[in-house]
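Throughout, a chain's letter reflects where its sequence line sits, starting with A, and its residues are numbered from 1. Predicted model, so just to flag it, every value in this text is computed and none were measured.
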Protein chains: 2
Amino acid sequence: MTTRVYNFYPGPATLPLPALKKAQKDLLDFNGTGMSVMELSHRSKEYAKIHLEAKSLVRELMGVPDDYKVLWLQGGASTQFYMVPLNLQKNGKSMEYVNTGTWSKKAIKEAKFYGEVMVVASSEDENFSYIPKDIKFSDDAAFAHITGNNTIYGTEYHEWPKVPGNDPLACDMSSNIMDKVIDTKKFGVIYAGAQKNIGPAGVTLVIVREDLLDRVPENTPTMQKWKTHVEKDSLFNTGPCWAIYMCKLSFEHLKDLGGIPAIEKINRNKAKILYDIIDKSNGFYRGHAKPDSRSLMNVTFNLPTPELEEWCFKEASAKGLIGLKGHRSVGGMRASIYNAMPIEGVQVLAEFLKEFQEKNQ
Amino acid sequence: MTTRVYNFYPGPATLPLPALKKAQKDLLDFNGTGMSVMELSHRSKEYAKIHLEAKSLVRELMGVPDDYKVLWLQGGASTQFYMVPLNLQKNGKSMEYVNTGTWSKKAIKEAKFYGEVMVVASSEDENFSYIPKDIKFSDDAAFAHITGNNTIYGTEYHEWPKVPGNDPLACDMSSNIMDKVIDTKKFGVIYAGAQKNIGPAGVTLVIVREDLLDRVPENTPTMQKWKTHVEKDSLFNTGPCWAIYMCKLSFEHLKDLGGIPAIEKINRNKAKILYDIIDKSNGFYRGHAKPDSRSLMNVTFNLPTPELEEWCFKEASAKGLIGLKGHRSVGGMRASIYNAMPIEGVQVLAEFLKEFQEKNQ
C-alpha cells in the first residue's frame, strides 16, 4: 500500500500524482511498443511524438508566439547562466543584471566571463527580502537579466521591469515557470530547470526569440549555441528523453486542470492560506519576504528561536509534511508549494502551523 | 499483460528488465519515503545514498583506482567533445586524435575550437570498417583521443594504443563502457553517455585522473570545468537524479550477474552467435567491419540488395525484433547487443536470420 507524503522540497519537488501513475503503468511497455520510454530510440517515431507533444503543450499552455523557439536542453539553469551571455553578447555592449539573491549572483558570476556586467538594482542590502522597484535598464545594453522567483528568499516579480529600446530581457524562471499567466513577448529568453515546477531534474526548458539566435560568435563549440539546438529541434544529440516525457505528462495534467489561468488561481489561494497564517500569528511566524514581493511558490518564514524552528521542522516531518527546512541563508522554514502541490497539502500544513503555535507560544 | 520485444536500438537502448521492474515498483513510493525518486531533493539523505551507491558501483565494477574521480554530468558525449580539449589543453601543445568514424569526427571538430588537432590515424579510406593498427601518438601532445567503439560502423578497439611519455589517453566509451574488462589506469579520461550500455539518456559518466584537473584555464565558466564537479561530487547543481538512479539499478543487475568478467563472457558469446551467422552465410550476409575490428556491441551487415535489406528489417520488426535498421552511412542492418540484451534475444535473431536467408537467397 502506497502512502504518499506532502512534499514541500524546493526542488526536485513533488510531481502530479496522475503523471506519476501513468509513468508507472507504462514503465515496461509504453503504448504497446513492448519497451519503456527510456528504451525508445530518440529517432523512433514513438519518441518523436512525445518530443513534439511536449513542445506543443508548452506553446499551447503559455501561448508562445510563433517567432519563439522552444528547446529542451541539459545542464540546468547553471548551464544557461553562461549560455545566456555567450549567446546574447553584442559588440562588447554591457550586460545588465538585477541581483535578487543567490541564483542572480551565480548568473552574474558566469556573465563576467563574457564581458562587462552592470548590476542595475539589488536587494542585497536587506538580505534579498524584496524585489527592487523602479528598475532602470539602459537602452544600450546587450541584454537585461532577472531572476523571476527567488526560491531561497521567497520573493517573486509581480510585474516585469520594462527594458527600453530593443534590448531583450532574459529571465530565469526555474522556480516559477507556469505558476501564473505571463506574456512571453515581454522576454527575449525564458529558461527554467524543470525540477521545480514542471517535471523532474535533468532537463531545462529554454524559450528564445528567433532573431536572437545569430548573435553567438562563430567560434563557439556546437553544444553551447542555442542555434544548434533550434536547427535540430533539440535532437542534435540524444536528449534527456525520460525527463521530457515526464514534463509532457505534467503538462497534460496542467491542461486537464484548466491550464495556467486555473493553476494561477489555485496557486494564489494556496499562497494566501499560508501568508494568512503568518500575518495572523501575532509575530510568532515572521515572513522573510516583504508583502508586495511575496512568492506564490516558496513561502519563507522564521519562528521566535532556532530551537523552535528545529522542533517545528521535526514535528512537521513526523506528520508527513516533508522538506520544510529553510535554506541556511534565511534559516527558519520554507514551504515550496509548486503547481503540483495540491491545496489539501497546504491546508494540512496550515492546520499544523496553527496547532504548533498554540502549543508552543 | 505486458509483452516485451527484443530491442536492438543503438541507443537509447534496452535496459535490464529487473532494473525496470524495480523502478516501476518504487515509482510512487521509494523505500517508504512516500515520494518518487524523481521527487526527492538532491540534497536529501535518501538521494545522497543513491548518488553514492551509483558511484561506488562504478568503482567496484570497473576497479577504478583511488586517484581517479567518478562524475555524473549532463549533455552527453557531445558535451565532452568540447570539455575534453578544454580541460586537457596544455601550453598550446597539439591534441592527437584517431578518426574511426562519425563520432570521432565530431570530437575532432570540437577540439579545433581549442587549438591544433593532429589526426594521427584514420580508417576513413575504407568507410571506417577497421580500427587502425600501429597507431603512433607523439610523446609531446597535450593528450591523445580515441573512440572505443564505433556504433555506426560496428568496430571496436580490442587492444588499446600505447601513448608514449605521460600524455593522457582520453576515450569515448559511450557504446562500450563496461562491455569487457579494461584497465582504467591506461586512460587519463573515460567518458560515456549512459544511454547505450549502462542506463537511460540524460546522464554522462566521466572518469578522470585527478592530476589532470588543474589544466583548465582559470577564465572558464564554472559548469564547463570537470574540477567544479569533482569538488562538489557531481552536486554543484541539481543533477539528472532519475537517470543516475537507473544507472545504479543497472549496475546492481550487472553485479548480480557476476560483474564485468561475467558480462564480457556473455557478450563474446552473443557476438559470436551473430558473426557466425554472417560468416557461414556464403556471402548472403556481408559484415561491414573487418573481422579483427569487430564490435562486441554493434553487429553491422549488408544483404545482397537494398530491397532485401528493407524486407529483412520489416519481417524482423513484425516478429518483435526491433531497431535493426543500419545507419545510413553503412546501410543494411545493425544489431546493437549491449549488456542488457539477453542471449535469448540474440538467439531468436540468429534463428530469424537463418530462416530469412533460406527463404530469400
Just distance, no hydrogens or angles: give the donor-acceptor pairs under 3.5 Å from side chains in residues 242-251 of chain B, sequence neighbours left out.
{"from": "B:Lys248", "atom 1": "NZ", "to": "B:Glu53", "atom 2": "OE1", "distance (Å)": "2.8"}
{"from": "B:Lys248", "atom 1": "NZ", "to": "B:Glu252", "atom 2": "OE2", "distance (Å)": "2.7"}
{"from": "B:Ser250", "atom 1": "OG", "to": "B:Ile198", "atom 2": "O", "distance (Å)": "2.7"}

Check: A:Pro221 main-chain N/O paired with B:Glu110 side-chain donor or acceptor under 3.5 Å: no

Residue among A:Ser41, A:Cys241, A:Pro10, A:Gly202 with most heavy-atom pairs under 4.5 Å to chain B: A:Ser41

Minimum heavy-atom distance B:Met38-A:Pro12, with the two atoms named: O-CB, 3.7 Å

Heavy-atom pair count under 4.5 Å with chain B, highest-scoring of A:Thr33, A:Val203, A:Thr220: A:Thr220

Pairs involving residues 193-205 of chain B, ordered by first then second residue, that meet side-chain hydrogen bond (donor to acceptor under 3.5 Å, both in side chains) (sequence neighbours left out): A:Thr238-B:Gln195, B:Asn197-B:Asn339

When B:Asn219, B:Val37, B:Thr222, B:Asp26 are compared by non-hydrogen pairs under 4.5 Å with chain A, the top option: B:Thr222

When A:Lys106, A:Gln74, A:Lys109 are compared by non-hydrogen pairs under 4.5 Å with chain B, the top option: A:Gln74

Contacting region of A:Lys112 [heavy-atom separation from chain B under 4.5 Å]: neither

Nearest heavy-atom neighbours spanning A:Ser78 and B:Met223: O-CG, 3.5 Å

NZ (A:Lys319) with more than 12 external heavy atoms under 6.0 Å: no

Contact leader toward chain B among A:Leu73, A:Leu20, A:Asn237, where contacts are heavy-atom pairs under 4.5 Å: A:Leu20

Residue, of A:Thr79, A:Leu17, A:Leu40, that accumulates the most heavy atom pairs under 4.5 Å with chain B: A:Leu40

Shortest non-hydrogen contact from A:Met35 toward B:Ile322: CE-CG2, 3.7 Å

Closest non-hydrogen atom pair between A:Glu39 and B:Leu15, with its separation: OE2-N, 2.7 Å

Intermediate values then yes/no, side chain to side chain contact (heavy atoms under 4.5 Å, CB included), B:Arg4 and A:Asp29: CA-CA 7 Å; B:Arg4 297 268 300 168; A:Asp29 181 10; 5.6 Å; no

For A:Tyr97, all residues meeting ring pair (Phe, Tyr, Trp, His ring centres under 6.0 Å), sequence neighbours excluded: A:Phe143, A:His145

Heavy-atom contact with chain B under 4.5 Å, split by part of A:Tyr114: side chain

Criterion side chain to side chain contact (heavy atoms under 4.5 Å, CB included) on B:Gln224 and A:Gln224, from CA distance to verdict: CA-CA 10 Å; B:Gln224 299 178 10; A:Gln224 298 178 12; 3.5 Å; yes

Proximity of residues 80-88 of chain B to chain A, residues having a non-hydrogen atom under 4.5 angstrom: B:Tyr82

